[in-house]
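We number each residue from 1, following the sequence as shown. Whatever order the structure lists ligands and atoms in, that order sets their numbers, starting from 1.
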Amino acid sequence: MIRGDGIGPELVDSALTVLDAVADFPIELVDVQAGAGAYRAEGSAMSDAGLAVIREADATLKGPVGLPDVRQADGTEAGLLGGILRNGLDLYANVRPITLLPGVRSALRVDDGIDYVIVRENTEGLYASRGKGVGNDHAMTDTLLVTRAGCERIAHFAFKLASRRSGAPADGVRRVTCVDKANVLRSMYFFRSVFLEVAEQYPDIEAECLYVDAAAQAQVLAPEHFDVIVTENLFGDILSDLGGGTVGGIALCPSGNIGESHAYFEPIHGSAPTIAGQDRANPLGQILATAMMLDHLGEQAAGDRIRGAVRAALRGGSVRLNPDGTAVSGTRSTTDAVLAALG
Ligand code: IPM
Ligand code: MG
């Protein structure tokens with residue numbers, strides 16, 4: 001576990017209570033200090049020893065990290081772990097379900113429901129430039145990297161995921177949508193071309209391509225059309241918050257950072273230091289990330305129990321949300337409502 005910064009520790013505590021309630025198998029939990037607090041205390045966002053623990057683990061449950069005033073000399077945040085965990089452990093698929101849960105009011109008018117997954121390429125794209133931007137007082141540049149191997153593996157991941165799902169809410173069609181900017185950037189044309197090559201190996205799944213600007217509109221006007229979206233790192237970062245905004249807020253959105261040998265699970269939102277320690281943070285994103293972690297560990301029945309309880313608590317009104325996704329009744333009572341719904 002990485003408890004993280006800001007609201008992270010209280011969210012992870014909440015998720016661990018739920019994990020404890022559903023786990024009918026032994027779990028060894030190990031704490032790893034990491035993030036902005038660790039950087040401030042030790043001069044590094046994560047120690048080598050901490051990373052070694054994560055490497056040994058079957059999976060990692062991570063709270064949000066980062067504090068706005070803990071910065072590198074170049075102005076970027078010092079407490080973030082993306083470079084260490086996502087690139088360091090080669091966790092190339094960032095899996096972000098965008099699901100409208102029962103009892104949650106969407107900002108949109110939705111008839112058929114919203115239930116798609118954004119598969120965000122997690123190791124290259126524009127964020128390959130993390131820590132490597134160059135320039136001077138007059139100009140700065142960051143470089144967007146797209147490799148054939150990177151595209152192939154993320155495209156395969158997306159098609160395999162689509163083959164395990166039951167299609168888009170609008171029409172039940174299993175569909176993978178490649179979101180790019182192939183009309184302007186060569187790297188993006190390449191991303192699309194490799195995607196279409198991989199698509200030929202999945203004749204039973206519809207493959208389509210959308211430019212990112214059009215995709216952003218479609219996520220608002222016709223979200224029920226989507227089943228699986230696969231996209232570049234920065235686009236996936238932006239579009240997953242957009243998607244979160246259509247299903248009650250990013251507070252409800254879990255994610256998995258998954259590679260061949262390691263994985264960690266976290267909410268997609270940040271550490272919200274302004275509300276830390278006030279029992280105000282919504283723990284559902286962290287709780288649903290725990291369910292994703294259980295799926296990954298081969299404990300899908302336990303993951304399903306958590307998702308079922310969250311749905312029941314929302315449907316029955318024992319958890320109510322503010323329009324911005326914060327929980328009306330606070331972190332602890334939201335957790336208690338989920339525990340009660342577990343039965
Ligand atoms: C996310 C977050 C991170 C990212 C930040 C905290 C660096 O926004 O996981 O979406 O940009 O990837
Ligand atoms: Mg983000």
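Proximity of a side-chain donor or acceptor of Ser333 to a complementary backbone N or O of Ser329 within less than 3.5 Å is detected. Without hydrogens or angle criteria, Gln72 side chain to Ala78 main chain gives no donor-acceptor distance under 3.5 Å. In this structure, the side chain of Glu121 engages the main chain of Glu124 through a donor-acceptor pair within 3.5 Å.
Under a 4.0 Å heavy-atom criterion, Arg120 is in contact with ligand 1.
Within ligand 1, counting atoms from 1 as listed, the ones closer than 4.0 Å to a heavy atom of Tyr127 are 11 (O).
Classification of Asp5 and Arg40 as a salt-bridged pair fails, no side-chain N sitting under 4.0 Å from a carboxylate O.
Atom 7 (C) of ligand 1 lies below 4.0 Å from at least one non-hydrogen atom of the protein.
Aromatic ring centroids of Phe195 and Phe159 lie under 6.0 Å apart.
A donor and an acceptor atom, one from each side chain of Asp142 and Ser129, are located under 3.5 Å apart.
Between Asn94 and ligand 1, no pair of N/O atoms sits closer than 3.5 Å. Remark: ligand 1 and Asp237 share an N or O pair separated by less than 3.5 Å (distance only, no angle test). Of the polar atoms of Arg86, at least one N or O is found under 3.5 Å from an N or O of ligand 1, judged by distance alone.
Across Leu288, Asp115, Ile114, a single residue satisfies side chain to side chain contact (heavy atoms under 4.5 Å, CB included) together with Thr99, and that is Asp115.
In terms of protein heavy atoms, atom 5 (C) of ligand 1 is closest to Leu80 CD1, 4.5 Å. With respect to atom 1 (C) of ligand 1, the closest heavy atom belonging to the protein is Arg96 NH2, 3.3 Å.
The N, O or S atom of Asp237 with the smallest distance to the Mg ion (ligand 2) is OD1.
At a threshold of 2.8 Å, the Mg ion (ligand 2) has no backbone or side-chain N, O or S atom of Asp241 nearer than that distance.
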